[in-house]
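All chains are named by letter (A, B, ...) in the order of the sequence lines, taking the proteins before the strands, and each is independently numbered beginning at 1. Atoms considered below: every heavy atom in the structure, side chains included; atoms not considered: hydrogens, waters and symmetry mates.
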Amino acid sequence: MPTDVERWKSEVYGNEIREHLFEFAEEGWDSIPEDERDAWFERFKWWGLYHQRSGQESYFMLRIGTPNGRLDPGQLRVVGEVAKEYATGPGTNPIFGDAYADITTRQAIQLHWIKLEDVPDLFEKLEANGLTAQQACGDSWRNIVGNPMAGNDAEEIIDAWPVIKELNETFKGDDDHSNLPRKWKVSVAGSADGSGQGDINDLALEPAYKEIDGERTVGFNVRVGGGLARNEPRHARDIDVWVAPEDAAAVSGGLSALFRDHGDRENRYNARIKFLVDEWGTEKVREVLQEDYVDFELETAGEDVRDQYTYNAGGDGRNDLVGIHKQKDGKNFVGLNVLVGRMGADDVLELADLAEKYGSGAARLTQRQNIIIPDVPDEELDEFLSEDLLDHYSPDPSPFMRGSVACTGTEFCSLSIVETKNRQVRFARWLKENVELPEGIDQFHIHLSGCTASCAQPQIADVSLRGMKTRKNGDPVEALDIGLGGGLGEEPQFARWVTQRVPVDEVPGAIKNLLASFEELREGDETFRDFIQRHDDDELADLVEPEETSYEDPMMHNTKRTWYPYAEEDSLDAGPAPTHADGTPITSDD
Amino acid sequence: MSVSLRVLDDGAWVSVNDSRQVSVSELWRLDAPEFCSCTVPDFVVENFQSVGVDGRTITANVYGQCIQCGETGVPGWIPVGRLKNGEYVDLDRENVVLPAHDGHEN
């Protein structure tokens with residue numbers, strides 16, 4: 001039997017949702033019939049709009065897809081302007097204030113508290129400036145990720161941007177690929193550092209060499225079926241295909257069509273291609289792709305460069321894109337740390353000014369929720385680095401700030417079990433003040449995800465934190481499962497969940513004690529990941545000693561049972577939602 | 001009287017008559033002797049699989065884990081609310097012991 005979602009999609013989906021969305025926006029929130037709201041909310045996702053959680057009715061999250069995290073000159077300013085104008089709601093965040101933009105782990109941007117009635121104007125402004133929310137969510141091609149410096153990264157062996165651009169232009173709005181069984185996440189990268197993070201995507205194109213007509217040619221090896229969600233993490237699997245850049249769209253479209261036709265539409269939990277690869281095996285995926293979806297002979301896999309991967313790999317080399325790096329053209333790109341990916345709208349605007357003053361006005365977003373200002377000439381570098389704003393968004397931050405990644409959490413998200421972004425900020429600040437990393441360790445990644453959907457990619461961090469509940473002194477409190485030793489690289493590994501349900505106020509102490517044990521038991525200059533690897537789960541559980549410390553957590557209670565966790569009166573029925581376009585509550589008299 | 005029951009947001013909510021009523025992340029005490037060896041499993045709700053109705057009681061088939069012993073899985077159909085004159089009324093799920101039953105999906 002088809003699911004409700006499939007039924008709703010069969011009625012209206014894809015591009016045509018837009019005209020309905022605009023009609024509802026014109027008529028106001030109340031014009032969506034109550035018994036159709038869930039159907040429309042599901043459909044609105046295709047245009048980047050997620051209805052916020054219970055207690056925040058009539059407010060939406062808007063995701064803007066920026067392919068490869070690329071913001072052309074002027075676009076960062078537009079992001080700041082729309083955040084300032086439209087992303088202010090009834091709740092004020094105690095750390096980030098009233099209007100902010102979130103950089104996501106898929107190099108997109110999320111704004112909160114968006115009113116449906118503002119959507120036409122908001123879309124008009126975005127689209128006039130080359131930005132869109134189309135297919136940012138929903139069951140279709142999502143924002144394509146990769147190395148955001150493609151085309152100008154001194155470490156790349158092939159410029160992936162023309163391929164990403166072609167895929168984006170081909171499959172965004174293409175009716176043949178607009179209604180897939182579930183989301184379709186694609187990574188395309190040409191750098192030898194592994195910064196595309198292809199291993200955790202449905203489809204990964206990774207740089208590889210192949211002898212073609214006697215010539216060593218650079219193209220991409222194809223991997224399929226990676227992903228982290230639902231306690232079922234998979235690495236993308238090698239299907240023994242190499243593709244030339246000019247054929248990348250044909251092969252990628254073939255695989256998306258294969259997923260469209262063979263993915264499971266009866267069970268959304270099973271509706272990802274990772275499960276189809278489990279069921280079929282890689283040989284069958286290749287065979288069906290060849291037989292039914294491409295009209296040329298597929299090449300076998302080429303020689304990859306995975307042995308050079310350093311990104312989020314826990315060893316030497318470039319683990320992220322923070323800091324000052326050389327471009328191909330001799331200028332510099334400067335990666336700035338954005339703690340948990342969230343920037344106040346005024347800061348976005350100020351950074352847009354700096355990008356224009358010192359660079360080309362362009363900006364880039366990374367999969368570690370950071371931002372890059374490219375095109376800074378050597379002679380401008382010192383002055384740029386001395387700007388006050390860079391004290392906060394630093395190119396050389398504490399490893400605990402630099403390594404922090406967090407998802408949206410219960411502040412806005414229906415799925416999350418715990419508060420995340422503000423908590424990770426508190427964790428990072430406490431760790432920075434109270435914990436020393438062993439000598440030579442300047443990278444330490446801590447990812448906090450509010451649930452098993454894994455939007456913060458917890459399984460690929462040194463320390464993985466995942467939302468849970470437990471009881472403390474008999475009372476229910478927010479808790480975290482602790483996993484260790486995840487990361488990417490030539491041999492990617494998912495974290496091992498060694499300690500479960502640690503009350504949130506004992507987690508910083510657990511990390512402190514773990515790092516003390518690492519320092520004490522470390523062999524030579526062993527990396528943290530290698531250290532974790534040579535211990536079994538029981539040994540590791542002993543090394544994680546949860547402990548109360550000077551860290552205090554003000555959000556131990558069930559933050560989901562609030563209309564907004566930071567409100568003075570936070571109970572579910574104390575909030576103003578739903579509201580009219582101007583923010584005044586809609587009452588039964590309306 | 002027909003009642004509209006749905007699991008929404010990828011298993012995050014149970015919706016009754018087009019209104020989100022029961023959320024993941026709650027902590028329930030269960031009478032579920034076959035789920036784990038704990039006398040009263042202390043069960044954190046991670047994901048709603050399906051929702052049904054038994055007489056006037058709304059029940060949910062839920063994935064989660066016992067926070068005492070760590071056992072994970074689906075303990076059966078758990079009552080989450082009741083229908084009174086066609087209106088949904090919440091059970092006080094966090095302060096009572098909820099019985100798990102084998103059941104049928106409606």
Side-chain angles (χ1 to χ4, degrees), chain A residues 1 3-5 8 32-39 41-42 45 50-57 182-183 229-231 267-269 271 409-410 413-419 450-453 466-472 474-479 481 497 499-501 503 558-561 572, chain B residues 1-30 36 38 40-51 61-74 81 86-88 90 92-96 105-106:
Chain A
M1 196 172 74
T3 61
D4 282 333
V5 175
W8 295 333
I32 311 174
E34 275 190 36
D35 61 352
E36 294 180 19
R37 281 186 183 158
D38 290 326
F41 295 162
E42 192 61 43
K45 291 177 186 174
Y50 251 85
H51 188 238
Q52 288 181 190
R53 68 171 174 83
S54 201
Q56 301 170 357
E57 289 80 4
R182 199 77 166 73
K183 62 183 84 170
R230 299 272 166 244
N231 286 325
N267 178 355
R268 287 183 68 76
Y269 304 111
T410 51
C413 178
S414 273
L415 279 76
S416 186
I417 295 176
V418 299
E419 185 220 28
C451 73
T452 58
R466 186 173 62 194
M468 251 298 137
K469 294 297 274 292
T470 192
R471 285 187 199 274
K472 185 160 180 163
D475 295 325
V477 295
E478 296 197 350
D481 289 343
W497 297 100
T499 304
Q500 317 278 319
R501 301 175 299 280
N558 188 346
T559 52
K560 194 74 165 284
R561 299 292 293 176
L572 261 176
Chain B
M1 183 177 292
S2 72
V3 182
S4 166
L5 297 173
R6 281 198 188 97
V7 171
L8 291 174
D9 301 336
D10 297 327
W13 284 91
V14 167
S15 164
V16 184
N17 288 333
D18 303 301
S19 174
R20 285 168 173 72
Q21 298 290 359
V22 192
S23 162
V24 291
S25 85
E26 291 186 359
L27 204 47
W28 298 345
R29 291 186 195 277
L30 300 182
C36 64
C38 298
V40 183
D42 213 354
F43 183 81
V44 62
V45 180
E46 293 188 73
N47 199 268
F48 294 103
Q49 314 269 299
S50 47
V51 57
N61 209 20
V62 190
Y63 175 90
Q65 66 176 281
C66 173
I67 64 168
Q68 294 172 55
C69 67
E71 182 65 51
T72 60
V74 179
E87 297 285 313
Y88 174 82
D90 249 344
D92 181 6
R93 293 179 297 272
E94 298 199 281
N95 292 300
V96 299
E105 194 172 336
N106 290 59

For B:Val24 and A:Lys560: C-alpha separation, side-chain torsions, deciding distance, then whether side-chain contact (heavy atoms from CB on, under 4.5 Å) applies.
CA-CA 9 Å; B:Val24 291; A:Lys560 194 74 165 284; 3.6 Å; yes
With a 4.5 angstrom heavy-atom cut-off, could you sort out which part of A:Asp35 is near chain B: side chain, backbone, both or neither?
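Interface part for A:Asp35: both.
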By a 4.5 Å heavy-atom criterion (distance strictly below it), what part of A:Thr410 contacts chain B: side chain, backbone, both, or neither?
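A:Thr410 has no heavy atom closer than 4.5 Å to chain B.
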For [X], is it the side chain, the backbone, both, or neither that has a heavy atom closer than 4.5 Å to a heavy atom of chain A?
| X | result |
| --- | --- |
| B:Asp42 | side chain |
| B:Ser4 | neither |
| B:Phe48 | backbone |
| B:Ser15 | side chain |

Between A:Arg561 and B:Glu26, does at least one N-O distance fall below 4.0 Å, as a salt bridge requires?
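Yes, this pair counts.
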Looking only at non-hydrogen atoms, find the nearest pair between A:Leu415 and B:Asp10 and report the distance.
CD2-CB, 4.3 Å
Please determine whether side-chain contact (heavy atoms from CB on, under 4.5 Å) holds for the pair B:Asn17 and A:Glu34, giving the CA-CA distance in whole Å, both sets of side-chain angles, and the decisive distance to 0.1 Å.
CA-CA 9 Å; B:Asn17 288 333; A:Glu34 275 190 36; over 6 Å; no
So do the side chains of [X] and [Y] get within less than 4.5 Å of each other, counting heavy atoms only?
| X | Y | answer |
| --- | --- | --- |
| B:Ser25 | A:Lys469 | yes |
| A:Asn231 | B:Tyr63 | yes |
| A:Glu42 | B:Leu8 | no |
| B:Asn47 | A:Tyr269 | yes |
| A:Met468 | B:Gln65 | yes |

Flag, side chain of A:Arg501 to backbone of B:Ile67, donor-acceptor distance under 3.5 Å:
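It does hold such a pair.
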B:Trp13 vs A:Ser414, side chain to side chain donor-acceptor pair (under 3.5 Å): CA-CA, chis, key distance, verdict:
CA-CA 8 Å; B:Trp13 284 91; A:Ser414 273; 3.1 Å; yes
